[in-house]
Number of protein chains: 2
Amino acid sequence: MLEEDHILILEDFLPYRLSVLSNTVSNAIAESYGREFGLSIASWRVMAVVGRFPNSSAAQLTSKTAMDKVAISRATAKLEQQGYLQRQADNDDKRRFSLSLSQEGQAIYQKIIPIAKHYESRLLQDFAPEEQVLLKSLMQRLESTVVDW
Amino acid sequence: MLEEDHILILEDFLPYRLSVLSNTVSNAIAESYGREFGLSIASWRVMAVVGRFPNSSAAQLTSKTAMDKVAISRATAKLEQQGYLQRQADNDDKRRFSLSLSQEGQAIYQKIIPIAKHYESRLLQDFAPEEQVLLKSLMQRLESTVVDW
DNA sequence: GGAATTTAGTTTCAATTGCAACCATTTTAG
DNA sequence: CTAAAATGGTTGCAATTGAAACTAAATTCC
C-alpha cells in the first residue's frame, strides 16, 4: 500500500477528469456559438437567463449564472453593443438596469436553445432514460457536497 | 410541449452544471495549493505527472495533462524558477529537455498528493464504494462520448 | 548530401480575466 | 435628519491565457 499512497494517477483523479470533461464540452459549445453568433460562454449564459427571466437586473444574474458581477457587466455591455440586449433604467432604484432581449436577441435566443439542447442530447446519447436520471442524481449529490467549498 | 422546447433551464443544463461543479472543485484545490505552495492548477498538474513519470519531456506532458505546449512551457519555466523542477538537456535530441523534480520539488510533491486525495475523498464522501464505482463508470462513458468533439 | 518538412519548445502580442478601487444610489442606525 | 454602511454596477490595472510566429534541431525525401 505504500506506493499507492504517495502517487497520484492524474487520469483517474476525479477533479481532473471533471475539468477535462467540462472543458471539452464547454469549448465545443462555445466554438459553435462563437462562430455562428459571436457569443462567448458568458454571453450565452446571460442570454439564456435573460431570455427566460426578462427584466432581470445584473445582480439577479450573478446568482443565476454563477458569474461574478464584473463578468456580468462585461457580458451585458458587449451584448448591448451587439444589439442583442437592451438595458432600461429602473426608476425605483436608479442604480439598477432592467435587462431584456432585443428583437434580434430574441431571434438569436430562439435559435440557440435548440442547439444547446442538441449538445446536451449528444452528451447523453449513450445513456438510457433511467441512466440519465441516475447521472443527474449523482451530479446533484456532488453539487450539494461542494456547494459551500 | 411548446414551452419546453424553446426555453432552457440553465441550472438543469448538464454542460452548465458540469462547468460550475468542476470550477468549484478546481478553485478550491487551487486555492489550497496556491496559498501553501505557490502552485497554479497548471503547475500542480505538471508536478503530478513529472513526479510519477520522471524524465518526461514537455511534449509527453501535453497528452498526460490535457494542457497545450504553451501552457506546459510556462508552467515548467515557473516551476524551474521556483526550484521545484529541473530540466536536463537531452543529448539524443537537443530540442528536448528531460524534466524531473528537484529535492525540494519531491518534498512538495509528497505533501501535495495526500492533499489532492483528501479533496477527492471529500468530494466522494457521501458515496458508498459501489456508488463511487458507478460514478466513475458514468464519467468514463461521458468521456468517451466527447473524446473527439 | 541537401532542401523541404516536421517536431520541440519559446516568445510575442492581443484578448480575457480577476481584483481592487471607484461612483452613484439606497438603506440602516443613531 | 444625517452620517455610515451596504448595494448595483463600472472601470483600471496587472496577471493569465490563446494564437500565431519564431528558433533550433531532427527527419523525410529526392
Take atom [atom1] of [X] and atom [atom2] of [N], then tell me their distance rounded to the nearest Å.
X: B:Ile72; N: D:dA19; atom1: CD1; atom2: P; result: 16 Å
X: A:Met67; N: C:dT16; atom1: CE; atom2: C1'; result: 12 Å
X: B:Gln60; N: C:dA8; atom1: CD; atom2: P; result: 9 Å
X: A:Asp92; N: C:dT26; atom1: CG; atom2: P; result: 9 Å
X: A:Leu99; N: D:dG9; atom1: CG; atom2: C1'; result: 11 Å

Of all the heavy-atom pairs spanning B:Ser19 and A:Ser26, show the shortest one and how long it is.
-> CB-OG, 4.2 Å

Where do B:Glu80 and B:Arg87 land on the salt bridge (charged side-chain N to carboxylate O under 4.0 Å, His left out) test, with the steps shown first?
-> CA-CA 8 Å; B:Glu80 186 180 27; B:Arg87 304 154 179 257; 2.6 Å; yes

Hey, is the side chain of A:Arg87 poking within less than 4.0 Å of OP1 or OP2 on D:dT10, counting only N and O atoms?
->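 For D:dT10, OP1/OP2 do have a side-chain N/O of A:Arg87 under 4.0 Å.
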
What about B:Val70 and B:Trp44, same hydrophobic cluster or not, with Ile/Leu/Val/Met/Phe/Trp/Tyr joined at side-chain heavy-atom distances under 4.5 Å?
-> no

Counting only side-chain heavy atoms from C-beta out, which of [options] sits nearest to [X]?
X: A:Lys69; options: D:dG8, C:dT10, C:dG9; value: D:dG8
X: B:Ala59; options: C:dA8, D:dG9, C:dA20; value: C:dA8
X: A:Arg96; options: C:dT10, D:dG9, C:dT25; value: D:dG9
X: A:Asp93; options: D:dA19, C:dT25, C:dG9; value: C:dT25
X: A:Lys94; options: D:dG8, C:dT26, D:dA26; value: C:dT26

Please figure out whether A:Asp68 or A:Arg95 has its closest DNA chain C nucleotide nearer the 5' end.
->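 With A:Arg95 and A:Asp68 compared, the 5'-side residue is A:Asp68.
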
For residues A:Gln86 and A:Phe97, determine if any side-chain heavy atom of one lies less than 4.5 Å from a side-chain heavy atom of the other.
-> no

Check side chain to side chain contact (heavy atoms under 4.5 Å, CB included) between B:Ala89 and all other residues, then give those that pass, not counting sequence neighbours.
->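 By the side chain to side chain contact (heavy atoms under 4.5 Å, CB included) rule, B:Ala89 matches no residue at all.
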
For DNA chain D, the residues among residues 22-52 of chain B that have a non-hydrogen atom under 4.0 Å from it |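 Those residues: none at all.
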
How would you label the contact of A:Asp90 with the nucleic acid (heavy atoms, under 4.0 Å): base, sugar-phosphate, or nothing?
-> nothing

So, does the side chain of B:Arg74 form a donor-acceptor pair with the base of C:dG9 at under 3.5 Å?
-> no

Measure from NZ or CZ of B:Arg141 to the centre of the six-membered ring of A:Phe127 and say whether it is under 6.0 Å with the direction within 45° of the ring axis.
-> yes

Is a salt bridge present between B:Lys136 and B:Glu143, judged by a nitrogen-to-oxygen distance below 4.0 Å?
->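 No salt bridge links B:Lys136 with B:Glu143.
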
